[in-house]
Amino acid sequence: MTVLEKINAYKEELIAIRRDIHQHPEIGFEEVRTAGIVAAKLAGWGIEVHTEIGKTGVVGVLKGTKGSGRSIGLRADMDALPMEEQTNLAYSSSIPGRFHGCGHDGHTTMLLGAARYLAENRGFAGTAVFIFQPAEEGLGGARAMIEDGLFERFPCDEIYFVHNAPADEPYKIGIKPGPAMAGSDRFDMYIHGCGGHGAKPEACKDPIIVATALVQALQSIVSRNIQPLKAAVLSVTQIHSGTAYNVIPQEARISGTIRYLDREVQKIVHERMRTIAAGLAASFDVTIDVDIRNLTDVLVNTDALVEGFAQAARDIVGAENVYLKEQPGMASEDFAEMLHLRPGVYGTIGHGGNIPVHNPGFVLDEGVLPVGASLLARIVERRLSA
């Protein structure tokens with residue numbers, strides 16, 4: 001009986017777990033209920049449980065029946081997004097402004113399925129470490145767990161993660177060797193002008209005018225300062241200013257995101273943003289404060305482990321459904337922080353959904369749950385074979 005067949009035997013239980021988590025979503029560092037479910041399930045299967053790692057993170061430790069000093073880490077993210085759900089599912093979010101719009105409820109369930117299977121089939125040589133991470137969506141959950149001694153307390157020789165991919169064909173597994181996902185920064189630029197009556201702009205220093213000029217100027221950075229064959233994205237995603245129709249405001253703020261695959265590119269973008277801000281501040285006689293902060297670095301898969309990941313994937317879905325990606329993505333994933341400290345692989349698994357993640361109508365195809373769980377379990381069996 002294959003791994004997939006055994007895990008398929010409790011597919012309905014996995015679906016029930018996932019729907020429960022989906023209906024009660026929790027955003028970053030608030031995953032108290034979700035962490036409680038994870039801890040209770042792991043303990044019920046005889047797995048050693050550790051809680052409050054990186055505030056709300058959970059780690060399970062399971063030793064195989066065969067001796068070995070090696071250990072394999074499997075990671076899942078638990079947090080939801082601060083957005084409304086618009087799926088009309090019977091088990092839709094019961095909490096306004098909270099939605100598992102990236103499928104982390106599915107990732108958590110997949111790892112629980114793998115943990116249950118491995119707890120019932122301990123014929124591997126070494127230790128499996130199940131890492132349930134909080135706050136992946138831009139709040140630094142990976143760094144929080146690392147700072148809390150994740151790898152010192154729970155050593156991992158290698159670490160793996162699989163993310164759902166609605167743009168791929170159902171249950172097709174993709175891996176990008178080397179740099180696979182972009183590093184990510186966030187920025188806020190605060191414009192301090194001089195407010196006044198909307199009918200007397202000559203007596204003001206209008207921050208809205210400065211903000212519009214700043215947005216336009218920032219868009220020249222990638223097109224005119226970065227080599228065309230090097231990828232980068234700078235997107236202004238927020239503009240905030242003003243409270244009334246007849247008042248020129250005192251201040252304005254623009255905010256956004258930077259994505260990059262090369263640290264030298266990141267450095268150039270930062271320098272140009274600060275230079276442009278200083279120049280516009282002088283031109284318009286205002287003050288502009290620039291705050292740029294890193295969320296996560298470039299995600300780099302370990303080339304030497306890609307084939308091992310692919311072999312496990314072929315065992316589950318067949319060779320025809322496993323492929324190597326040619327291009328990295330410009331989205332970000334803070335699993336990158338763990339991969340900077342331990343060798344490992346991030347892969348994707350397609351499913352029957354046709355709406356992208358982070359969309360209010362995103363629906364996870366639950367048929368992916370036993371497939372993802374089987375892949376994670378098979379990685380442990382292969383990498384910790386006697």
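All values below were derived from every heavy atom in this structure, side-chain atoms included, with hydrogens, water molecules and symmetry-related copies excluded. Note that the coordinates shown come from a computational prediction; the quantities given were computed from them, not determined experimentally.
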> Taking D185 as the fixed residue, which of T257, N294, T296 is the one that meets the side chain to side chain donor-acceptor pair (under 3.5 Å) rule?
Replying inline: N294
> Are Y171 and L369 connected, step by step, through hydrophobic side chains (Ile, Leu, Val, Met, Phe, Trp, Tyr) whose heavy atoms are closer than 4.5 Å?
Replying inline: yes
>> Applying the side chain to side chain contact (heavy atoms under 4.5 Å, CB included) criterion to P249, which one of C194, S241, C204 satisfies it?
In response: S241
> Same cluster or not: are Y346 and V298 linked, directly or through other Ile, Leu, Val, Met, Phe, Trp or Tyr residues, by side-chain heavy atoms under 4.5 angstrom apart?
Replying inline: no
>> Between E26 (side chain only) and T34 (backbone N and O only), is there a donor and an acceptor less than 3.5 Å apart?
In response: yes
> Looking only at heavy atoms, which two atoms of E13 and W45 are closest? And how far apart?
Replying inline: OE2-CZ2, 4.3 Å
> Should V215 and I191 be regarded as members of a common hydrophobic cluster, given that ILVMFWY residues are connected when their side-chain heavy atoms come within less than 4.5 Å of each other, either directly or indirectly?
Replying inline: yes
> Is the number of heavy atoms from other residues, nucleotides or ligands within 6.0 Å of NZ (K55) greater than 12?
Replying inline: no
>> One pair to check against side-chain contact (heavy atoms from CB on, under 4.5 Å): I316 and T2. What are the steps and the verdict?
In response: CA-CA 8 Å; I316 303 304; T2 67; over 6 Å; no
> Parallel, tilted or perpendicular for H22 and Y91, by the 30°/60° rule?
Replying inline: perpendicular
>> Looking at every non-hydrogen atom in both residues, tell me the closest pair between E52 and D148 and how far apart they are.
In response: O-OD2, 3.4 Å
> With no hydrogens and no angle check, do the side chains of N121 and E381 hold a donor and an acceptor under 3.5 Å apart?
Replying inline: no
> Take atom CD in Q227; do more than 12 heavy atoms of anything else shown fall under 6.0 Å from it?
Replying inline: no
>> Please find the pair of heavy atoms, one from S220 and one from N225, that lie closest to each other, and give the distance.
In response: O-OD1, 3.8 Å
>> Quick test of your reading of the model: are D315 and R382 salt-bridged, counting only N-O distances below 4.0 Å?
In response: yes
> Can you tell me if CG on N246 sees more than 12 non-hydrogen neighbours from other groups inside 6.0 Å?
Replying inline: yes
> How about H50 and E48: does a side-chain donor come under 3.5 Å of a side-chain acceptor?
Replying inline: yes
> Which heavy atom in S235 sits nearest to a heavy atom in V233, and how many Å separate them?
Replying inline: OG-CG1, 3.5 Å
>> Could you go through I173 and T348, starting from their C-alpha distance and side-chain angles, then the distance that decides it, and tell me whether this counts as side-chain contact (heavy atoms from CB on, under 4.5 Å)?
In response: CA-CA 6 Å; I173 294 169; T348 60; over 6 Å; no
> Does the side chain of R383 come under 3.5 Å of the side chain of S385 through a donor N or O and an acceptor N or O?
Replying inline: no
> How many angstroms lie between atom CD of E337 and atom CD of E147, to the nearest 0.5 angstrom?
Replying inline: 9.5 Å
> Does R116 make a cation-pi contact with Y10, if we ask for NZ or CZ under 6.0 Å from the ring centre and within 45° of the axis?
Replying inline: yes
>> Quick one, F362 with H100, criterion ring pair (Phe, Tyr, Trp, His ring centres under 6.0 Å). Give me CA distance, side-chain angles, the key distance, then yes/no.
In response: CA-CA 9 Å; F362 169 76; H100 269 293; 10.0 Å; no
>> Checking T287 against D289 for the side-chain contact (heavy atoms from CB on, under 4.5 Å) test, could you report, in this order, the C-alpha distance in whole Å, the side-chain angles of both residues, the deciding distance, and whether it holds?
In response: CA-CA 7 Å; T287 300; D289 295 326; 3.9 Å; yes
>> Taking the six-membered ring of Y323 as reference, does the cationic atom of K172 (NZ for Lys, CZ for Arg) lie under 6.0 Å from its centre and within 45° of its axis?
In response: yes
> Would you say the side-chain atoms of S94 and Q23 include a donor-acceptor pair closer than 3.5 Å?
Replying inline: no
> Is any NZ, NE, NH1 or NH2 atom of the basic residue among E326 and K176 found under 4.0 Å from an Asp or Glu carboxylate oxygen of the other?
Replying inline: no
> Does V300 share a hydrophobic cluster with L295, counting links as ILVMFWY side-chain heavy atoms below 4.5 Å and allowing steps through other members?
Replying inline: no
> Are there more than 12 heavy atoms of other residues, nucleotides or ligands under 6.0 Å from atom CZ of R224?
Replying inline: no
> Is any NZ, NE, NH1 or NH2 atom of the basic residue among D79 and R98 found under 4.0 Å from an Asp or Glu carboxylate oxygen of the other?
Replying inline: no
> Do other residues, nucleotides or ligands put more than 12 heavy atoms under 6.0 Å from R153 CZ?
Replying inline: yes
> Under 4.0 Å between a Lys/Arg side-chain N and an Asp/Glu carboxylate O for E120 and K6?
Replying inline: no
> Measuring from T56:OG1 to Q133:CD, what's the distance to the nearest 0.5 Å?
Replying inline: 9.5 Å
>> Side-chain heavy atoms nearer than 4.5 Å, only ILVMFWY residues, links allowed to pass through others: does that put I7 and V368 together?
In response: yes
>> To the nearest 0.5 Å, what is the distance between CD on E12 and CD1 on I17?
In response: 11.5 Å
> What residue among K41, M78, R18 forms side chain to side chain contact (heavy atoms under 4.5 Å, CB included) with T108?
Replying inline: M78
>> Please give me the minimum heavy-atom distance between I379 and A312, naming the atom from each residue.
In response: CG1-CB, 3.7 Å
> Nearest heavy-atom pair of G372 and M110: which atoms, and what distance?
Replying inline: CA-SD, 3.7 Å
> Any idea how H104 and H163 line up, ring-wise: parallel (<30°), tilted (30 to 60°), or perpendicular (>60°)?
Replying inline: perpendicular
>> Testing L118, V59, V49, V38 one by one against F130 for a side chain to side chain contact (heavy atoms under 4.5 Å, CB included), which residue passes?
In response: L118
> Strictly by modelled atom types, are E158 and Y160 linked by a side-chain donor-acceptor pair under 3.5 Å?
Replying inline: yes
>> Checking side-chain polar atoms at under 3.5 Å, does N164 have a donor or acceptor matched by the opposite partner on H107?
In response: yes
> Regarding T127 and R70, is there a side-chain donor-to-acceptor distance under 3.5 Å anywhere?
Replying inline: no
>> Any carboxylate oxygen within less than 4.0 angstrom of a Lys/Arg side-chain nitrogen, looking at D188 and R186?
In response: no
> After noting the C-alpha distance and the side-chain angles of F99 and E84, does the key distance pass the side-chain contact (heavy atoms from CB on, under 4.5 Å) rule?
Replying inline: CA-CA 6 Å; F99 170 42; E84 294 290 341; over 6 Å; no
